[in-house]
Engineer: 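Just passing along the structure, written as structure tokens.
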Amino acid sequence: MSDLRETRLEKAEALRALGRQPYALRFGPTHRTAALQEAHADLPNGEERNLEVVVAGRVMTRRVMGKLAFFTLTDESGPIQLYLDKATLEGLEPGAFSQLTTLVDAGDLIGVSGSLRRTDRGELSVKVSSWTMLSKALQPLPDKWHGLADVEKRYRQRYLDLIVSPHTRETFRRRALLVSGIRRWLDERGFLEIETPVLQSVPGGADARPFETHHNALDLPLTLRIATELHLKRLVVGGFERVYELGRIFRNEGVSTRHNPEFTSVEVYQAYADYIDMMELTEQLIAAVCLQVCGSTAITYQGTAIDLAPPWRRATMHELVEQACGLDFTAMASRKEAAAAMEAQGLQVSPLADSVGRLLSEAFEQTVEANLIQPTFVLDYPVEISPLARPHRSKPGLVERFELFIVGRETANAFSELIDPIDQRERLESQQQRRAAGDLEAQGVDEDFLQALEVGMPPTGGLGIGIDRLAMLLTDSASIRDVIAFPLLKPEGRAEGRGEGRAEGRAALRESPPASHDPAQ
RNA sequence: GGGUCGCUAGCUCAGCGGUAGAGCACUCGGCUUUUAACCGAUUGGUCCUGAGUUCGAAUCUCAGGCGACCCA
């Protein structure tokens with residue numbers, strides 16, 4: 001409501017009139033609040049410690065009672081109580097107490113200095129002797145007790161969610177630890193992170209529709225990358241034996257609790273390795289970062305206990321499908337036979353699935369996937385759905401590929417990479433035909449990538465891990481939007497009305513005196 | 001793409017055909033040990049948007065917007 005905002009603007013002006021700037025330049029806290037809480041846990045109730053501390057943060061709650069007041073101040077590490085005693089504050093500066101209690105609102109950022117005192121009720125507090133306004137908030141905080149319950153508002157105004165929800169802060173803190181932990185683990189093992197282009201002429205490396213954009217100066221249509229795979233492989237051709245890239249991927253797809261159009265992956269390539277090596281790498285890497293982030297490899301996800309201690313279960317797709325629905329796809333001689341068997345089991349058969357291998361994959365999705373709760377490597381995929389993976393060393397029609405499933409979700413995908421340039425060309429051309437036939441997710445032919453393979457690529461193991469899904473797992477988050485700070489949402493319908501409000505606000509600000517921080521003055 | 005649910009004060013919510021409500025926040029007054037402080041008074045509304053039904057719509061109907069969840 002603009003009334004609340006007007007009141008706060010008036011308070012900002014009142015501060016200026018008193019010689020207190022509502023927006024400070026800098027401030028030097030001596031401590032974080034959590035460090036104080038920990039270091040002075042032994043301070044008895046009702047006693048004071050003769051130590052000068054300076055803390056800064058956001059005022060979360062105010063309790064004013066005449067000549068004494070208590071505020072809760074929160075910095076990134078957590079809260080601490082401010083003990084505001086009129087006699088102490090006004091001893092140094094007349095009016096300081098009443099200014100503090102009338103011109104500082106919940107939501108403002110302030111800095112205080114004072115000594116430490118534990119109140120009679122046992123709350124460690126900074127007994128404030130002086131205070132500084134650091135940033136005057138014009139908007140009120142959400143309800144201090146209920147917080148921000150509106151899920152949509154939590155996503156649209158994540159800053160509010162972060163201010164009032166410690167749990168949300170912890171989620172993004174853990175995500176940051178996860179990302180840095182993965183990089184550190186790989187760096188320590190000699191992997192180099194090399195950045196590859198986001199803007200590409202030929203999207204490749206995955207089956208997905210890309211976002212399309214345009215380069216003006218070159219008058220060139222471009223797409224945002226749907227994978228980092230083909231460029232990282234070029235780097236392996238170039239002689240880097242261990243490379244990775246952790247970064248943003250863009251796929252022009254729907255939004256769900258498991259999909260955001262932009263998401264984060266890490267792809268890892270190791271020369272002279274195969275998919276067996278990548279399985280080991282995957283479980284070691286994920287177990288290590290889980291231990292760092294969660295303190296244990298035994299975690300709980302949405303009420304289910306998950307054990308990420310290696311080694312993890314390994315089973316072929318054929319075995320898992322047979323166990324789940326009794327269908328032995330190794331015995332299926334034709335698509336027709338496989339389709340009939342699936343329909344007899346009550347499974348859905350898509351007309352787009354034009355081979356035994358694609359039907360196997362559909363049967364897997366329908367009968368197995370959701371039940372793979374504990375970490376499971378699913379091995380040996382049909383070649384038709386794996387155009388970049390090497391043919392299996394002993395199983396015709398299959399490739400050396402695994403996907404990792406945890407809590408029913410695909411979390412990683414890896415191959416013994418296909419390095420035979422002739423085979424690769426045939427596979428991509430076959431993809432191209434599907435594309436021409438209307439499969440918008442089928443890959444195109446990247447001639448430069450094929451050229452690179454012809455120069456000679458060492459046998460290589462490659463791996464991709466979905467960082468967002470891993471973050472969901474390690475933060476016990478039900479939706480991918482809970483682990484993406486600013487998930488994609490449609491613009492609000494009421495944007496016009498709000499825009500007008502903001503325009504008024506800017507105009508109002510311009511009416512205030514000329515900026516005193518102009519260096520020319 | 002289909003289904004279910006939601007959208008009312010800054011926040012959290014009630015109201016479900018008859019004057020638009022509560023708690024917190026805000027404003028004012030009181031209060032030197034509170035921590036969802038308390039006590040008293042006041043203020044605050046495009047009931048998501050539009051159309052329809054009706055003497056009368058936040059409430060019923062239809063269409064649309066945004067979101068959540070489930071299914072594909």
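Note on naming: letters A, B, ... go to the chains in the order of the sequence lines (proteins, then strands), and numbering restarts at 1 for each one. If you're wondering where the values come from, they're calculated on a predicted model, not measured in any experiment.
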Engineer: Taking the six-membered ring for Trp and the full ring for Phe, Tyr or His, determine whether the centres of A/Phe405 and A/Phe364 are under 6.0 Å apart.
Structural biologist: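 Ring-ring flag for A/Phe405/A/Phe364: true, centres closer than 6.0 Å.
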Engineer: Would you indicate which nucleotide in B/C24, B/U33, B/U35 comes nearest to any side-chain atom of A/Asp143?
Structural biologist: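 Among the listed nucleotides, the one closest to the side chain of A/Asp143 is B/C24.
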Engineer: Ignoring backbone atoms, test whether A/Arg481 places a side-chain nitrogen or oxygen under 4.0 Å from the OP1 or OP2 oxygen of B/C69.
Structural biologist: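 Yes, because at least one side-chain N or O of A/Arg481 sits under 4.0 Å from OP1 or OP2 of B/C69.
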Engineer: Under 4.0 angstrom, heavy atoms only, what part of the nucleic acid is A/Val64 near: base, sugar-phosphate, or nothing?
Structural biologist: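 Base, at least one base heavy atom under 4.0 Å.
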Engineer: Tell me whether the count of non-hydrogen atoms from other residues, nucleotides or ligands lying under 6.0 Å of CD in A/Glu76 goes above 12.
Structural biologist: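 Not buried by this count: 12 neighbours or fewer within 6.0 Å.
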Engineer: Could a donor-acceptor pair under 3.5 angstrom be found where the side chain of A/Asp3 meets the base of B/G10?
Structural biologist: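 No such pair is found, so the answer is no.
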Engineer: Would you say the side-chain atoms of A/Asp476 pair up with the backbone N or O of A/Gln302, donor to acceptor, closer than 3.5 Å?
Structural biologist: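 Side chain of A/Asp476 to backbone of A/Gln302: a pair is present.
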Engineer: Please work out if A/Thr119 contacts a base, only the sugar-phosphate, or nothing of the nucleic acid, heavy-atom cut-off 4.0 Å.
Structural biologist: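 If one applies the 4.0 Å heavy-atom cut-off, A/Thr119 turns out to touch a base.
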Engineer: Between C1' on B/U35 and CD on A/Gln37, what's the gap in Å once rounded to a whole number?
Structural biologist: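 Interatomic distance, CD of A/Gln37 to C1' of B/U35: 13 Å.
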Engineer: From the options B/A37, B/U32, B/C13, select the nucleotide whose nearest atom is closest to the side chain of A/Lys144.
Structural biologist: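 Shortest atom-to-atom distance from the side chain points to B/A37.
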Engineer: Of the nucleotides B/A37, B/A68, B/U27, which one has an atom closest to the side chain of A/Lys11?
Structural biologist: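 Minimum distance to the A/Lys11 side chain belongs to B/U27.
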Engineer: Could you give the distance separating B/C55 and B/A41 at their P atoms, to the nearest angstrom?
Structural biologist: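 Straight-line distance between the two P atoms is 42 Å.
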Engineer: Consider only side-chain N and O atoms of A/Glu123 and A/Tyr83, and report whether a donor and an acceptor are under 3.5 Å apart.
Structural biologist: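 Per modelled atom types, A/Glu123 and A/Tyr83 side chains form no pair under 3.5 Å.
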Engineer: Provide the distance between the two C1' atoms, one in B/U35 and one in B/C24, to the nearest whole Å.
Structural biologist: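 So the two C1' atoms sit 15 Å from each other.
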Engineer: Checking contacts here: which listed nucleotide (B/G10, B/C11, B/U32) is nearest the side-chain heavy atoms of A/Leu4?
Structural biologist: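 Per side-chain heavy atoms of A/Leu4, the pick is B/G10.
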Engineer: Where each residue is assigned the nucleotide of RNA chain B containing its nearest heavy atom, which of A/Asp105 and A/Leu141 is assigned the position nearer the 5′ end?
Structural biologist: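 Closer to the 5' end of RNA chain B: A/Leu141.
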Engineer: Which of the following nucleotides, B/U33, B/U27, B/C11, is nearest to the side chain of A/Pro142?
Structural biologist: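 Side chain of A/Pro142 sits closest to B/C11.
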Engineer: Using both distances under 3.5 Å as the test, list the Watson-Crick or G-U wobble partner of B/U61, or none.
Structural biologist: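 The answer is B/A51, by the H-bond criterion.
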Engineer: Calculate, to the nearest 0.5 Å, the distance between atoms OG and CD belonging to A/Ser350 and A/Glu365 respectively.
Structural biologist: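 Taking OG in A/Ser350 and CD in A/Glu365, the distance rounds to 10.0 Å.
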Engineer: Just compare B/C26, B/C24, B/A68 and give me whichever is closest to any side-chain atom of A/Leu489.
Structural biologist: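 The listed nucleotide nearest to A/Leu489's side chain is B/A68.
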Engineer: Both distances below 3.5 Å, Watson-Crick or wobble geometry, any strand: find the nucleotide opposite B/U42.
Structural biologist: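 Pairing partner: none.
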Engineer: Mind checking the C1' distance from B/U59 to B/G52? Whole angstroms is fine.
Structural biologist: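 Pairwise C1' distance, B/U59 against B/G52, rounds to 15 Å.
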Engineer: Tell me what A/Lys490 touches on the nucleic acid: a base, only sugar-phosphate, or nothing, going by heavy atoms under 4.0 Å.
Structural biologist: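 The answer is sugar-phosphate, as A/Lys490 gets under 4.0 Å only of primed atoms, P, OP1 or OP2.
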Engineer: When all nucleic acid strands are considered with a 4.0 Å heavy-atom cut-off, which category describes A/Arg8: base, sugar-phosphate, or nothing?
Structural biologist: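 Contact class for A/Arg8: none.
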Engineer: Which nucleotide in the set B/U33, B/U32, B/G67 lies at the smallest distance from any side-chain heavy atom of A/Glu152?
Structural biologist: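 So the side chain of A/Glu152 is nearest to B/G67.
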Engineer: With both distances under 3.5 Å as the test, what is the Watson-Crick or G-U wobble partner of B/U32?
Structural biologist: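 The answer is none; no pair meets the criterion.
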Engineer: Check the phosphate of B/C31 against A/Arg63, side-chain N and O only, distance under 4.0 Å to OP1 or OP2. Yes or no?
Structural biologist: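 Checking B/C31 against A/Arg63, no side-chain N or O comes under 4.0 Å of OP1 or OP2.
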Engineer: Could one point to a donor on the side chain of A/Arg117 or the base of B/U33 with an acceptor on the other under 3.5 Å away?
Structural biologist: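 Side chain to base: pair present.
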Engineer: With no hydrogens and no angle check, just 3.5 Å: does a side-chain donor-acceptor pair link A/Arg175 and A/Thr264?
Structural biologist: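 Side chains of A/Arg175 and A/Thr264: pair found under 3.5 Å.
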Engineer: Identify whether any heavy atom of A/Gly147 sits under 4.0 Å from a base atom; if not, whether one sits that close to sugar-phosphate; answer base, sugar-phosphate or nothing.
Structural biologist: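 Sugar-phosphate: the residue A/Gly147, judged by heavy atoms under 4.0 Å, touches backbone atoms but no base.
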Engineer: Nearest to the side chain of A/Val151 - B/C69, B/U33, B/A68?
Structural biologist: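 Nearest nucleotide to the side chain: B/A68.
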Engineer: When the C1' atoms of B/C28 and B/U42 are compared, how many Å lie between them, rounded to an integer?
Structural biologist: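 It works out to 7 Å between them.
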Engineer: What's the gap between B/G56 and B/G17 when it is taken at their C1' atoms, as a whole Å value?
Structural biologist: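 The same atom, C1', in both gives a distance of 8 Å.
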Engineer: Determine the interatomic distance between C1' on B/A57 and the same-named atom on B/U8; round to the nearest Å.
Structural biologist: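 It comes out at 14 Å once rounded to the nearest Å.
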Engineer: Taking the side chain of A/Arg62 as its heavy atoms from C-beta onward, which of B/C26, B/A68, B/C31 lies nearest to it?
Structural biologist: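 Among the listed nucleotides, the one closest to the side chain of A/Arg62 is B/C26.
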Engineer: What is the separation between atom CE on A/Met65 and atom C1' on B/G40, rounded to the nearest whole Å?
Structural biologist: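 So the two atoms are 16 Å apart, to the nearest Å.
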Engineer: If the C1' atom of B/C16 is compared with that of B/G21, how far apart are they to the nearest Å?
Structural biologist: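 My reading of the C1' atoms in B/C16 and B/G21 gives 14 Å.
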Engineer: Looking at A/Glu337, I'd like to know if its CD atom is crowded, meaning that more than 12 non-hydrogen atoms belonging to other residues, nucleotides or ligands lie closer than 6.0 Å.
Structural biologist: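 For A/Glu337, atom CD is crowded (more than 12 foreign heavy atoms under 6.0 Å).
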Engineer: Look at all strands and tell whether A/Tyr83 reaches a base, only sugar-phosphate, or nothing, counting heavy atoms closer than 4.0 Å.
Structural biologist: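 If one applies the 4.0 Å heavy-atom cut-off, A/Tyr83 turns out to touch a base.
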Engineer: Any strand is fair game: report the nucleotide pairing with B/A9 by Watson-Crick or G-U wobble, both distances under 3.5 Å, or none.
Structural biologist: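 Base-paired to nothing in any strand shown.
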Engineer: Which nucleotide, in any strand shown, forms a Watson-Crick or G-U wobble pair with B/U4, with both distances under 3.5 Å?
Structural biologist: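 With both distances under 3.5 Å, B/U4 matches B/A68.
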Engineer: Nearest to the side chain of A/Thr7, which nucleotide is it out of B/U27, B/U12, B/U33?
Structural biologist: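 The listed nucleotide nearest to A/Thr7's side chain is B/U27.
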Engineer: Side chains of A/Thr223 and A/Glu212: donor-acceptor distance under 3.5 Å anywhere?
Structural biologist: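 No donor-acceptor contact under 3.5 Å links the two side chains.
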Engineer: Let me know, please, whether A/Asp150 or A/Thr61 comes out on the 5' side of the other along RNA chain B by nearest nucleotide.
Structural biologist: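 Nearer the 5' end of the strand: A/Asp150.
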Engineer: For nucleotides B/A72 and B/U19, find the distance between their P atoms and express it as a whole number of Å.
Structural biologist: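 So the two P atoms sit 47 Å from each other.
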